[in-house]
Amino acid sequence: MNKNIKKYLFTLLICGGIFSASAQESSQMFQAAGSPANPKVALSWNKYYDYEGHVAIALKLEKAYPDLVKVQVIGKTAQGRDLILMAITDYKSGGTPDRKPGMYIDGNIHSNEIQGSEFASYTAWYLAESFATNNFIKELLQDKIFYIVPSINPDGRDNFLQQPNNANSPRSGMIAVDNDRDGATNEDGFDDLDGNNQITMMRRKNTNGRLKLDPTDPRRMIQVSADEQGDYEMLGYEGIDNDLDGQVNEDGEGFYDPNRDWAWNWQPNYIQSGAYKYPFSIPENRAVADFVMKHPNIAAAQSYHNNGGMILRGPGAAEDEGTYNREDVRVYDALGKKGEELIPGYKYLVVYKDLYSVFGGELDWFYGSRGIYTFSNELWNSFQYFSKADTDPQSTSYNFDKYLLFKDAFVDWKPFKHPQYGDIEIGGFKKTFGRTHPGFLLESDAHRNMAFTFYHAFHTPKLSIDDIEVKDLGNGLKEVTATIANKRLMPTHASQDLKYKIEIPDMISLTGAKVLAGMIVQDKDLNITKEQKVNPSTLKVENIGGLNTVIVRWIVQGGEKYSVKVDSKKGGIVERSN
C-alpha cells in the first residue's frame, strides 16, 4: 500500500474517532410530533409485558410523577396477585380528585387478549409524560381523572405469556373447572410436545386426507378439490389424551368466561356458555365492580379486547334493546363514529346486532347498572396487515409473516413421534401472532385507541356557571338567577340513569342571604318557572344536558354577595360568586 495512503488512513482513523466522540456529545434528539419529549420513564411499546412488568411500569410512573399518578390495589386475583389501578389526574389543580368526572379503562379481561394491557399502560404513560408540554393533556387532567387497570385478569395473562399456549388459549381466568365433568380438573390440557413454549398444530400424512401443501407457500395447508386426493390430515393442537378418555386437550385451564360474570342480564351456563357460578363470583370482576360503585364520578368507560377492529357498544342481547335509550344512543353514535375516523379499519358496531348475544357482559353492566357510557374495543384486525380490506385472511397472514416479519411468527413443521398418533409433524403460527399486534404496529394502534378514549373522556360533563344576575325587587327582596352550562356532549345523567334513578340529582345551591323561594326556570323569556317548595336554597336538578344549559332562580332577603355552587356526581363541583 502506498505510504501516503497509509498516512491518510491513519489520520482519518484518528480524526474520525475524535469526530465521532464530538458528534456524539453535540448530537440532539428531536421530538417527533405527538410524542412525549424526553420521557422520565423510557419504555418500549413494541413488545408485551407480563403482570410484573405492568406493575413495574405503574410504580415507575408514580415515582416519576407523584403529582399525577397514584397507584392503588383494588383487590386480589384468584391466585393472590394484587389487582392494581392507576388514578391519574392533576392532583395540584385543587378540589377532591375523586369528584372530577372520571374515565375508567381496563384491558385483558380474557387471558389471551393481552394487548389491552399495553394500550392501557401506554395511555397512563402518555398522560404522565405529556402533561408538562401538551396543553390539551394538561387541561384534560385538570378537569378529569383517569382510573386505569392495565390487566383485569393478571393470572390468565401470565399463564398465556409464560406457559405453552396457542393464540386462543387460555381465554378464561385460572380458577380450576372440571370441563369434561369427570371429577377431575385441568387433567388434560395442551402438551408442549416439542418444548418451545408454543402450542402449534399437529398434522399427519394421509393419502385419504383432504389437505395438501400450498404450492406457493409450503408452510400452509390448503383444501384439495372435491375430486382430488389429499396428502395430509390435521390432528388439532399439540396434545396427548392424558386421561385416556378418547379426547385430546379437553380439560385445560378454566374454562369460564370472565366477561359473562357481570350482574346485568346474567344467565347461567346452560343458557350463556362460559358463565360461572353467579354474578360477580369471579374475584377480579367483583373488585372492579366494588371500585366503580364507590366512584359515582365515573361517567365513561373503555374495556379493551381482541380482535376484529371493532368499537362496540351494547346491548349485548336483543332483550336489552329498550335499555339503550334514544338520547343515549345519540351520544354513543357521536363518539363511536368519531372512533371510526381516529382508528382506520375499525367499525362502530352493536354487540347483539353485529356479533352475537352476550349475557352478563361488562359493557352492559357499566351502562345498564351504573349509567356509564361504555365501549369495548376489539383490537387489531387484518386491515392493518396491508392497510386494505382483506378477502383472504389466511393467505394474508402468511404473506404478512413472510414479507414483513421474515417468517419470525411461524414455527416450521418438524417430525415428531406421537405416543398415540405415531409419526406426525408439528408446526404453525406462534401464540403471539394472529390475534395480537406484531411489535412494530403495537404502538401505532395503542396511540389511536388512546386518542379515542381521550375524545370520550373529553366529552364527559364539564360544568360552568356562566352568569349570575341580581335583580332588586324592592322591600329588601332580590331575585338571583344563575345559568349553569354543560360544555360537553354527555349529560350529567344518562337516560338509563334517569330511568332507574341510579344516581342522585345535581344539587345547585345559593349562599349569601336568606332564601325565601327557589325554582327552576323552564322558559326565561316567558318567565315560566317550577318552584321547589322544600329546602329552596338547594335546588335538585334531574339532569344538565350535554351542550345545554339549566337556569335556576332564587328569591332572597338581604345580602349583596351571593355564591352559587353546583354539585354533580358525574359533572363535578363548580362555584362562582357575583
Side-chain angles (χ1 to χ4, degrees), residues 89-102 139 142-145 295-299 371 460-494 497-498 501-578:
T89 188
D90 178 7
Y91 287 94
K92 286 189 171 182
S93 61
T96 303
D98 287 336
R99 291 307 316 275
K100 295 180 180 181
E139 292 174 12
Q142 288 171 347
D143 290 345
K144 318 291 184 183
I145 184 167
H295 291 79
N297 60 313
I298 296 174
T460 58
K462 182 176 173 64
L463 303 181
S464 65
I465 303 170
D466 281 2
D467 59 60
I468 301 174
E469 300 176 10
V470 181
K471 179 180 178 182
D472 194 335
L473 301 177
N475 298 319
L477 301 179
K478 294 181 181 178
E479 179 185 272
V480 181
T481 303
T483 301
I484 317 302
N486 181 357
K487 307 291 187 180
R488 298 292 184 264
L489 183 62
M490 289 184 202
T492 55
H493 294 74
D497 184 341
L498 295 173
K501 301 186 185 301
I502 296 170
E503 198 46 74
I504 65 172
D506 303 320
M507 303 293 184
I508 306 176
S509 58
L510 179 75
T511 57
K514 182 180 180 180
V515 176
L516 303 179
M519 61 209 74
I520 297 171
V521 179
Q522 297 174 321
D523 189 316
K524 189 176 181 181
D525 295 320
L526 299 179
N527 197 29
I528 299 173
T529 63
K530 182 179 180 181
E531 184 181 1
Q532 177 181 303
K533 296 184 177 181
V534 178
N535 191 22
S537 61
T538 300
L539 298 172
K540 294 181 180 179
V541 176
E542 292 297 323
N543 192 33
I544 304 174
L547 301 174
N548 215 326
T549 60
V550 167
I551 300 175
V552 292
R553 180 174 293 161
W554 297 272
I555 306 299
V556 302
Q557 187 176 57
E560 295 289 339
K561 193 76 170 177
Y562 309 104
S563 294
V564 176
K565 177 181 178 181
V566 183
D567 187 337
S568 170
K569 291 297 184 182
K570 287 181 170 56
I573 299 173
V574 293
E575 298 181 71
R576 179 174 174 175
S577 300
N578 67 327

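No experiment lies behind these values; they were computed from the predicted model shown. Just so it is clear, the values below take in all heavy atoms, side chains as well, and ignore hydrogens, waters and symmetry mates. Numbers here are sequence positions counted from 1.
For the pair Glu139 (side chain) and Gln142 (backbone), a donor-acceptor distance under 3.5 Å is absent. No donor-acceptor pair under 3.5 Å is formed between the side chain of Asn535 and the backbone N or O of Leu539. Remark: the backbone N or O of Gly559 is paired with a side-chain donor or acceptor of Lys478 at under 3.5 angstrom. Checking side-chain atoms of Asn486 against main-chain N and O of Asn548 turns up no donor-acceptor pair under 3.5 Å. Between the side chain of Thr483 and the backbone N or O of Asp467 there is no donor-acceptor pair closer than 3.5 Å. Remark: side-chain polar atoms of Asp497 are paired, donor with acceptor, to backbone N or O of Glu503 under 3.5 angstrom.
Rounding to the nearest 0.5 Å gives a distance of 9.0 Å between CG of Asn475 and CG of Asp472. We find the CD1-NZ distance between Ile544 and Lys487 to be 12.0 Å, quoted to the nearest 0.5 Å. Here Ile484 contributes atom CD1 and Ile551 contributes atom CD1; the two are 9.5 Å apart, rounded to the nearest 0.5 Å. The distance from atom CG of Asp506 to atom CD1 of Ile504, rounded to the nearest 0.5 Å, is 8.5 Å. Residue Leu498 holds its CG atom at 5.0 Å from CG of Asn543, rounded to the nearest 0.5 Å. Taking CD1 from Ile528 and CG from Asp523, the interatomic distance works out to 4.5 Å, rounded to the nearest 0.5 Å.
Residues Arg488 and Thr460 have side chains not in contact (no heavy-atom distance under 4.5 Å, counting atoms from C-beta outward). Residues Trp554 and Val564 have side chains in contact (heavy-atom distance under 4.5 Å, counting atoms from C-beta outward). No side-chain heavy atom of Tyr562 sits under 4.5 Å from any side-chain heavy atom of Thr511. Gln522 is not listed as a side-chain neighbour of Thr529, based on a closest heavy-atom distance of 4.5 Å or more. At least one side-chain heavy atom of Glu479 sits less than 4.5 Å from a side-chain heavy atom of Thr481. Contact check for Pro505 versus Val541: no side-chain heavy atoms found under the 4.5 Å cut-off. Contact check for Ser509 versus Ser537: no side-chain heavy atoms found under the 4.5 Å cut-off.
Between Pro536 and Gly518 the shortest heavy-atom distance is CB-N, 3.3 Å. Between Gly371 and Ala494 the shortest heavy-atom distance is O-CB, 3.5 Å.
With respect to the salt-bridge test (charged N to carboxylate O, under 4.0 angstrom), the residues Asp143 and Lys100 do not qualify.
For Thr538, the side-chain hydrogen bond (donor to acceptor under 3.5 Å, both in side chains) criterion is met by no residue, not counting sequence neighbours.
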Practice item. Give the intermediate values and the outcome of side-chain contact (heavy atoms from CB on, under 4.5 Å) for residues Val521 and Val552. Key: CA-CA 5 Å; Val521 179; Val552 292; 6.0 Å; no
Exercise for review: Let me see the working for Thr96 and Asp98 under side chain to side chain donor-acceptor pair (under 3.5 Å), right down to the final yes or no.
Suggested key: CA-CA 6 Å; Thr96 303; Asp98 287 336; over 6 Å; no
Review point. Can you list the steps and then say if Thr492 with Ser568 is a side chain to side chain donor-acceptor pair (under 3.5 Å)?
Key: CA-CA 7 Å; Thr492 55; Ser568 170; 4.5 Å; no
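Every pair passing salt bridge (charged side-chain N to carboxylate O under 4.0 Å, His left out) that includes a residue from residues 524-549 is listed here, sequence neighbours excluded: Glu469-Lys524. Note on residues 565-578: pairs passing salt bridge (charged side-chain N to carboxylate O under 4.0 Å, His left out), not counting sequence neighbours, are Arg99-Asp567.
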